[in-house]
Student: 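The structure's right below; bear with me while I get my questions together.
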Amino acid sequence: MKITVADNKPVLFEEIAEGTVFRDPTDNLYYIKTASMADEDINPEGWNSLRLDNYGFAYFSPRYEVCPIYNAELIIR
């Protein structure tokens, strides 16, 4: 994946669209917002994003601030 970052200011997680790549400003990891899904046995809060370095699911609160990257380009090789 090629990620171009150009002055991305934090916005609320709930404001970005599904499929948007974003950076968590607290740990500088990259994620993509997905549709929400839940497995009550594993994580009652559910998951709403996919971490791009290890493809693990993650959860972000709707009011959590993230830095969207609107010009991310997926390149599969």
Side-chain angles (χ1 to χ4, degrees):
M1 173 167 282
K2 175 184 174 187
I3 299 175
T4 303
V5 179
D7 191 31
N8 56 346
K9 295 185 168 78
V11 299
L12 297 177
F13 180 78
E14 67 185 355
E15 294 178 3
I16 63 173
E18 289 177 14
T20 301
V21 173
F22 64 93
R23 181 178 56 84
D24 181 351
T26 62
D27 59 14
N28 286 320
L29 295 174
Y30 292 92
Y31 299 82
I32 188 167
K33 184 174 181 179
T34 63
S36 295
M37 60 182 178
D39 183 338
E40 294 293 326
D41 296 330
I42 298 172
N43 181 6
E45 288 185 317
W47 295 281
N48 55 15
S49 58
L50 181 69
R51 189 169 147 180
L52 296 178
D53 66 337
N54 67 3
Y55 306 112
F57 288 107
Y59 173 78
F60 286 87
S61 166
R63 306 298 292 168
Y64 188 79
E65 287 191 336
V66 299
C67 298
I69 302 164
Y70 297 110
N71 297 326
E73 180 180 352
L74 178 62
I75 300 171
I76 301 172
R77 296 180 190 242

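It should be emphasised that the depicted structure is a prediction, and the values quoted were computed from it without experimental measurement.
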Student: Can you pull the salt bridge (Lys or Arg N to Asp or Glu O under 4.0 Å) pairs that have at least one residue in residues 55-69, sequence neighbours excluded?
Tutor: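 Residue pairs with at least one partner in residues 55-69: Glu14-Arg63.
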Student: Partners of Asn54 by side-chain hydrogen bond (donor to acceptor under 3.5 Å, both in side chains), sequence neighbours excluded?
Tutor: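 If we apply the side-chain hydrogen bond (donor to acceptor under 3.5 Å, both in side chains) test to Asn54, skipping adjacent residues, there are no hits.
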Student: According to side chain to side chain contact (heavy atoms under 4.5 Å, CB included), who are the partners of Glu15, at least two apart in sequence or on a separate chain?
Tutor: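 Checked Glu15 against side chain to side chain contact (heavy atoms under 4.5 Å, CB included); matches are Val11, Leu12.
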Student: Roughly how far apart are Asn48 CG and Tyr31 OH, rounded to 0.5 Å?
Tutor: 11.0 Å
Student: Within this structure, what is the OG-OH distance for the pair Ser49 and Tyr30, rounded to the nearest 0.5 Å?
Tutor: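 Ser49 atom OG to Tyr30 atom OH measures 15.0 Å (nearest 0.5 Å).
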Student: What pair of heavy atoms forms the shortest contact from Glu18 to Ala35, and how long is it?
Tutor: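 Heavy atoms only, the tightest pair is OE2-CA, 3.6 Å.
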Student: Honestly, is Lys33 close enough over Phe13, meaning NZ or CZ under 6.0 Å from the six-membered ring centre and within 45° of the axis?
Tutor: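 Yes.
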Student: Looking at side-chain heavy atoms only, is the closest gap between Thr20 and Tyr70 below 4.5 Å?
Tutor: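 SC-SC contact between Thr20 and Tyr70 confirmed.
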Student: For residues 47-57, which residue pairs qualify under salt bridge (Lys or Arg N to Asp or Glu O under 4.0 Å), counting only residues two or more places apart or in two chains?
Tutor: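 As it turns out, the salt bridge (Lys or Arg N to Asp or Glu O under 4.0 Å) pairs with a partner in residues 47-57, which skip direct neighbours, are Arg51-Asp53.
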Student: Could you state the interatomic distance from CZ (Phe60) to CH2 (Trp47), rounded to the nearest 0.5 Å?
Tutor: 14.5 Å
Student: How would you list, by chain and number, every residue that makes a salt bridge (Lys or Arg N to Asp or Glu O under 4.0 Å) with Asp27, sequence neighbours excluded?
Tutor: none
Student: For side chain to side chain contact (heavy atoms under 4.5 Å, CB included), just list the numbers for Ile16 and Phe22, CA-CA rounded to whole Å, side-chain angles, deciding distance to a tenth of an Å, and then say yes or no.
Tutor: CA-CA 9 Å; Ile16 63 173; Phe22 64 93; 3.6 Å; yes
Student: Taking only residues two or more places apart in sequence or in another chain, which ones pass side-chain hydrogen bond (donor to acceptor under 3.5 Å, both in side chains) with Asp24?
Tutor: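 Testing Asp24 for side-chain hydrogen bond (donor to acceptor under 3.5 Å, both in side chains), a comparison that skips the adjacent residues, returns Thr26, Tyr64.
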Student: How close do Arg23 and Asn28 get, heavy atom to heavy atom, and via which atoms?
Tutor: NH1-OD1, 2.6 Å
